Amino acid sequence: MSKPTPQPDLPPQFDPASVESDLYKEWLDAELFVADPNRSRRAGGDREPFVIVMPPPNVTAVLHMGHGLNNTVQDVLIRWRRMAGDEALWVPGTDHAGIATQNVIEKQLAAEGKTRFDIGRDAFVERTSKFVAETGGTILEQLRAIGASCDWTRTAYTLSPELSRAVREAFVLLHERGLIYRGHRVIHWCSRCLTSLSDEEAEHTEETGNLYYIRYPLTDDPARTIAIATTRPETMLADVAVAVHPDDERYRDLIGRTVTLPIANVEIPIIADSIGVDPEFGTGAVKITPAHDANDFEMGTRHALPMPVVLSPEGMMANGADADSRVPADLLGADRFEARERVVQMLRHAGALVKIESHSHSVRHCYRCDTVVEPRLSDQWFVKMKPLAEPALEAVRARRIRILPERWEAVYVNWLEGIRDWNISRQLWWGHRIPVWYCDACSHVTVSRDDPPACPRCGSTVRQDEDVLDTWFSSWLWPFSTLGWPDTRSVDLKAFYPTDDLVTAPEILFFWVARMIMGGYAFMGETPFHTVYLHGTVRDMQHVKMSKSLGNGIDPLDVRALYGTDALRYTVIAGLGMGADVMLDPNDLEKSFSPGRNFVTKLWNIGRFLLTNVGSETVRPLASIDAARLRRADRWILGALNAAIAECDAALGPARPRNGVWNQSELRAGLRLSEYTESARRFVWNELADWYLESTKGRLAAGGPDSEVARAVLAHAFDAALRLLQPIVPFITEVLWGRLPVADEARGRFIARAPWPMRDDAFGPDAEFELVREAINGIRQLRADYSIPPGDRINASLDIGAAGRNAARDQAIVTEEAAFISRVARCDVSVAQSPETGATILLSSGSRIIVPLAGVINVEKECRKAKTELERLEAQLASLNGRLSNPGFTDRAPAHVVEAERAKQGEWTMRRSQLAEKVMSLCGS
RNA sequence: GGGCGAGUAGCUCAGUUGGUUAGAGCGCCUGCCUUACACGCAGGAUGUCGGGGGUUCGAGUCCCUCCUCGCUCACCA
């Protein structure tokens, strides 16, 4: 809490590299980011908790722009609420990422010419753990580098002992509630990863393939055939029936008879099924392959058909369960796609191939390795989702949770309404082993939180289920498992659950967000968060998603090295419209990040000016300055500051719903980060720097009591501006704020913990300073219009002889501000009793400024300009008059609108007469 | 195929319940190294708000329709 020691000797250039690391370390040493549960209102403290749990990056991940964007957004929100006085907690962590991490290690093994089966399960898991222990912290270190203000004392990992305990608890609880079951059915199978996948992990891709028409001869009348159509002819070897629609005239007499399956040479029946057969598609007859198609499985179950398997787990032709010798010897071991070609050849030779049509259909691919997914009959563990989905739907419908942007809410509801059971078992080695034990002696199945030493029924040895759980089975517990669940006495859980905002990309809305909501209700009885903020994707200039494999990525650390973390953060936040994608050019970092770099430089230079000109002597607090001593520029900038604070607050919106339910007016409000950024930018750049700062130069140089006022206002306004900007650009604001010569013991050491700016409604728009700005702008425009060299000074007269409304007041203002106008517009101002001819600047107050510009002014040009302006004004005024004389408008439009139009009418009418006068004097007619 | 969204300045996007002369950033043009800043300052140009129709005193905003993109779900074999 030491008094700041101002160091006005700021280097001319901000050098992020030289300060960022040290600053971050200071923040950590001061424990600025460590949350204290006892300060949370829920645990008896006096602060509102504000909690975000980080979407845990894969433990093997290295930072890319997507992480950069995601975590910057979260950091902005956390830093904002931390300043606003909340007990802010941002929980960081990583995900063990089952398939993804296993793939990484398998690739390493492949490079050594080995597979995971060569080294065995234990060695594989050990090796993976070691790899994770050595490299797993990388991405979290990188997040520190971009300023993430996480509470690192709470860093979590989905495969840690604590979270593994939560996973077991969740599994057992669901099992006890009858929501987990073992199912025998067709699931999505990745023949490269050798595991089953959930519906969400098998992604659709629209592809153009072939539709093969094949005819099967009737067993007792081989001359007669029935044709079917299929996209996967190799699976015909596992056909067990041909299904037709019962009402289909074409096949009615065939129902109940049998056909002989070519190649496999087995006899299969023709059956009728009204649910699974569309008479309009293909030939109206469908081959039924229960073991290799989810639909056919359903039909096979309905008709109690056998389910032979002809593909191995690796996707090669094989005579599996119930297949006998359906696959001929020369096809055994053939890859499924090769087999497809060969089966077609064989059918062609046998005269069974009718035709091949091009066919567009969607094919599912493994979301991790892009291999075409094979439907496969197997035993898996499932979670019944319908009962879990109900409260998750209700939460959104009852506005306990809002999803931003709005359009994703419909997607969420749509998905939950049609939800299907979740396959949670994976035939992998890296992950949480399923807590189920089998007794081979008595067939007893034990589902347990703890490893059972023996079968509880017969005492024999038990063996644990070989499978592991879907990675997302640990992720969906994240908002409470990271806070100590299942230990319900956990102080963190009490103080910080439910959390507040969940910030992520729409891609994992179903994988993760929806499941977390279901998990929150299932295990905590409460929503895990009240706001879901789905931000866009980082793309290149061709709108292609950035990715390392495509080579169009940007490394945030490269940007940091070039322009600094603040420039990176500012650029992505400023460019982030609600739900919009962020476009960046990986080939031109200079151009992509110029908004951030330019802004940071500007801020630095404002700071340099301020600290140099304000000096190192402690500035008096604004509150101690008599309001009567404030000049109009002071009042103006303080009004502008209030407007800026109001705009930022409005853009950020309410931090949480009142009483746990969003009201309609706040449901879609807030988290408009680009608007917040723009408001803060406009204030500090276009108002503070462009106008106020300029206005103080003379006053500061003059010294005396008035300079004391200017110093106080400057410091006050800049202090507030820095605090508005701290969440976006935490490093540079920390450096500048720390050097402001302000004496306030309550101020604290770090801006990161300083209070969020509050409005002071004593100051609003200031019409008097606006008049000064108008005068300056008018003179600048004349300069440009007549190409008056910057070196030339001009003379201007304020015409007080004109019939202006406020001539006397305007005279007083302009006389008083003459020095400022003169310096900024490079123009000498005097007050004239009788106007000379010259360029005329009309002021909105009704006064005007005459600039003679002898020898320069082009009367003809000035006349033309005035005439054009007059014409335009008259047209607009005519339409306005028409509107105001139309009863339809005056009667039906809201009163305030009509009033505004009337006021405008008065202004325009006056301006028209002024303009007419101007035209008269210039054009002489 | 179901559901949803988008088309506004050269590019990326704002535009809140219909109501002043439709805005910002980047880019572009002109002039300036004015003692904080050329990563800057001052000035400037550019829009039949995708096409067509409708409702209204008034439409970028609401309705219909068409065109073009995009997202998302889906058991057309």
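Fair warning: this is a prediction, and the values are worked out from it, not measured in the lab. Letters A, B, ... mirror the listed sequences (proteins, then strands); counts begin at 1.
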On a whole-Å scale, what distance lies between the [atom1] atoms belonging to [N] and [M]?
N       : M       : atom1 : answer
rC63(B) : rU55(B) : C1'   : 7 Å
rG44(B) : rA6(B)  : C1'   : 32 Å
rA38(B) : rC11(B) : P     : 31 Å
rU61(B) : rG5(B)  : P     : 16 Å
rA24(B) : rA9(B)  : C1'   : 11 Å
rU48(B) : rU35(B) : C1'   : 50 Å
rC57(B) : rC64(B) : C1'   : 23 Å
rA59(B) : rU12(B) : C1'   : 26 Å

Can you pull the contact range of chain A along RNA chain B, 5' to 3', using atoms under 4.0 angstrom from its heavy atoms?
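The contacted stretch runs from rG2(B) to rA77(B).
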
Count the heavy atoms of every other residue, nucleotide or ligand shown that sit under 6.0 Å from CD of Glu899(A), and state whether that count exceeds 12.
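For Glu899(A), atom CD is not crowded (no more than 12 foreign heavy atoms under 6.0 Å).
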
Describe the nucleic acid contact of [X] in one word from base, sugar-phosphate, nothing, applying a heavy-atom distance below 4.0 Å.
X         : answer
Arg780(A) : sugar-phosphate
Asn886(A) : sugar-phosphate
Trp604(A) : nothing
Glu298(A) : nothing
Val286(A) : base
Arg364(A) : sugar-phosphate
His543(A) : sugar-phosphate
Ala294(A) : nothing
Phe599(A) : nothing
Ser787(A) : nothing
Asn777(A) : sugar-phosphate
Arg420(A) : sugar-phosphate

Which residue lies toward the 5' end of RNA chain B, Ala410(A) or His361(A), if each is placed at its nearest nucleotide?
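This one resolves to Ala410(A).
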
For Glu200(A) and for Asp296(A), find the nucleotide of RNA chain B with the closest heavy atom, then tell me which residue's nucleotide is more 5'.
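The answer here is Glu200(A).
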
So what is the 5' to 3' dot-bracket string for RNA chain B, if pairs are Watson-Crick or G-U wobble with both distances under 3.5 Å, crossing pairs use [ ] and | means the partner sits on another strand?
(((((((..((((.....[...)))).(((((.......))))).....(((((..]....))))))))))))....

Going through the checks in order, is the side chain to side chain contact (heavy atoms under 4.5 Å, CB included) test met by Tyr570(A) and Ile732(A)?
CA-CA 11 Å; Tyr570(A) 181 94; Ile732(A) 187 170; over 6 Å; no

Short of 4.0 Å, heavy atom to strand atom, which residues of residues 682-694 of chain A count as contacting RNA chain B?
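Within this stretch, Trp685(A), Ala689(A), Asp690(A), Leu693(A), Glu694(A) sit under 4.0 Å of the strand.
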
Is the closest side-chain heavy-atom distance between Phe718(A) and Leu736(A) below 4.5 Å?
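Yes - at least one pair of side-chain heavy atoms lies under 4.5 Å apart.
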
Considering only heavy atoms from C-beta outward, does the side chain of Arg232(A) approach that of Pro375(A) to under 4.5 Å?
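Yes, side chains in contact.
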
What distance do [X] atom [atom1] and [Y] atom [atom2] have between them, rounded to the nearest 0.5 Å?
X         : Y         : atom1 : atom2 : value
Thr205(A) : Arg364(A) : OG1   : CZ    : 10.0 Å
Asp566(A) : Arg597(A) : CG    : CZ    : 14.5 Å
Ile228(A) : Lys287(A) : CD1   : NZ    : 6.0 Å

N-O pairing of Arg668(A) and Glu409(A) below 4.0 Å:
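Yes, Arg668(A) and Glu409(A) are salt-bridged.
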
Identify whether the distance between the nearest side-chain nitrogen and carboxylate oxygen of Glu694(A) and Arg823(A) falls below 4.0 Å.
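Between Arg823(A) and Glu694(A) there is a salt bridge, with a charged N closer than 4.0 Å to a carboxylate O.
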
So Val186(A) and Asp293(A), side chain to side chain contact (heavy atoms under 4.5 Å, CB included) or not? Walk me through it.
CA-CA 7 Å; Val186(A) 169; Asp293(A) 184 281; 6.0 Å; no

Looking at Ser787(A) and Arg783(A), would you say the former's side chain and the latter's main chain have a donor-acceptor pair under 3.5 Å?
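Side chain of Ser787(A) to backbone of Arg783(A), a donor-acceptor pair under 3.5 Å: no, none is there.
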
Quick check: does any side chain N or O of Arg515(A) sit under 3.5 Å from a backbone N or O of Phe511(A), one acting as donor and the other as acceptor?
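Present.
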
Applying side chain to side chain donor-acceptor pair (under 3.5 Å) to Asn605(A) and Arg608(A), what does each step give before you reach the verdict?
CA-CA 5 Å; Asn605(A) 280 302; Arg608(A) 277 215 303 152; 3.2 Å; yes

